[in-house]
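Residue indices begin at 1 and follow the sequence shown. On a predicted model such as this, the values are computed, not experimentally measured, just so you know.
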Amino acid sequence: ALSGDNGTITSPDYPHDYRNNARCVWSITVEPGKVIQLTFHQFAVEEWDDICDTDWVLIYDNSTSRDNPLGKECGFSIPEPIWSNGNQMFVESNSNVTASGFRAEWAVCENEQCCGGALSGDNGKFTSPDYPHNYTDGTRCVWSISVEPGKVIRLKFHEFDVENGSDCSLDWVLV
């Protein structure tokens, strides 16, 4: 059982290959009224098919179930961040074949202040929280964007509107 404001979860023996037939369940609980953001930073979980029926990482909370989870992940791409609906989250992993596994960080946040995460792939998009509406004061988002070696990242803003202040001291975007 994990508690507090943040922490790290790794598959068994990470960064080395996890063992065959390893099953782990982590229970994360934070203060009532808060939610949990789970962000994967490394992810290599064997994928035999597109339904993740051999090796997988299953994420659910106290308002969902194992049968209707927040996410079920496998493969070699970093999944999008996942948020709980309440103050508890369960992360379960199962393995039948070995791979290097995963490393994820979890953090507590207020519902309207959860944003950021790890993005990967050939293309994609992300927005500020509540876009196209105003984001909440005090919101801090950090996105990590990765592509395959040899490829480059082109970042294009289609709309850009942050609070103006002298020397960007109020709101800003740093690339």
Check: Could you go step by step and tell me if Asp13 and Tyr18 meet the side-chain contact (heavy atoms from CB on, under 4.5 Å) rule?
Finding: CA-CA 6 Å; Asp13 300 326; Tyr18 51 81; 5.6 Å; no

So which heavy atom on [X] is nearest to which on [Y], and how close?
X: Ile59; Y: Glu73; value: CD1-CG, 4.3 Å
X: Thr98; Y: Glu46; value: O-OE1, 3.7 Å
X: Thr10; Y: Arg103; value: CG2-CG, 3.8 Å
X: Trp172; Y: Leu170; value: CD1-O, 4.2 Å
X: Ser84; Y: Met89; value: N-CE, 3.6 Å

Checklist line | Check: Thr8 side chain, Trp106 main-chain N or O, donor-acceptor pair, under 3.5 Å | finding: no

Next item on the list: Examine distances only and state if a side-chain atom of Asp55 and a backbone atom of Glu47 form a donor-acceptor pair shorter than 3.5 Å.
Entry: no

Point-to-point distance, once rounded to the nearest 0.5 Å, from [atom1] of [X] to [atom2] of [Y]:
X: Ile78; Y: Phe40; atom1: CD1; atom2: CZ; result: 10.0 Å
X: Leu58; Y: Lys72; atom1: CG; atom2: NZ; result: 6.5 Å
X: Phe43; Y: Ser100; atom1: CZ; atom2: OG; result: 10.0 Å
X: Gln42; Y: Phe102; atom1: CD; atom2: CZ; result: 12.0 Å
X: Ile153; Y: Asn123; atom1: CD1; atom2: CG; result: 12.5 Å
X: Ser65; Y: Phe90; atom1: OG; atom2: CZ; result: 11.5 Å

Checklist line | Test applied, side chain to side chain contact (heavy atoms under 4.5 Å, CB included); reference residue, Val57; option that passes from Ile82, Val45, Asn94 | finding: Val45

For residues [X] and [Y], determine if any side-chain heavy atom of one lies less than 4.5 Å from a side-chain heavy atom of the other.
X: Ser11; Y: Cys24; value: no
X: Val162; Y: Tyr135; value: yes
X: Trp26; Y: Ser93; value: yes

Margin query: Checking Val91 against Tyr60 for the side-chain contact (heavy atoms from CB on, under 4.5 Å) test, could you report, in this order, the C-alpha distance in whole Å, the side-chain angles of both residues, the deciding distance, and whether it holds?
Written below: CA-CA 7 Å; Val91 180; Tyr60 53 100; over 6 Å; no

Next item on the list: List the steps and the verdict of salt bridge (charged side-chain N to carboxylate O under 4.0 Å, His left out) for Lys34 and Asp5.
Entry: CA-CA 10 Å; Lys34 307 243 173 142; Asp5 288 342; 5.8 Å; no

Margin query: Does Val35 form a side-chain contact (heavy atoms from CB on, under 4.5 Å) with Val30? I'd like the steps, not just the answer.
Written below: CA-CA 7 Å; Val35 297; Val30 299; over 6 Å; no

Check: For atom CG of Asp171, is the number of surrounding heavy atoms from other residues, nucleotides or ligands below 6.0 Å larger than 12?
Finding: yes

Notebook entry, point to check: For atom CG of Asn21, is the number of surrounding heavy atoms from other residues, nucleotides or ligands below 6.0 Å larger than 12?
Noted result: yes

Next item on the list: Group every Ile, Leu, Val, Met, Phe, Trp and Tyr by side-chain heavy-atom contacts under 4.5 Å, then state whether Phe160 and Val175 land in the same group.
Entry: yes

Check: Do Thr64 and Asp61 meet the criterion of a side-chain donor-acceptor pair at a distance under 3.5 Å?
Finding: yes

Next item on the list: May I have the step-by-step check of side-chain contact (heavy atoms from CB on, under 4.5 Å) for Asn96 and Asn20, ending in yes or no?
Entry: CA-CA 5 Å; Asn96 291 311; Asn20 285 328; 5.8 Å; no

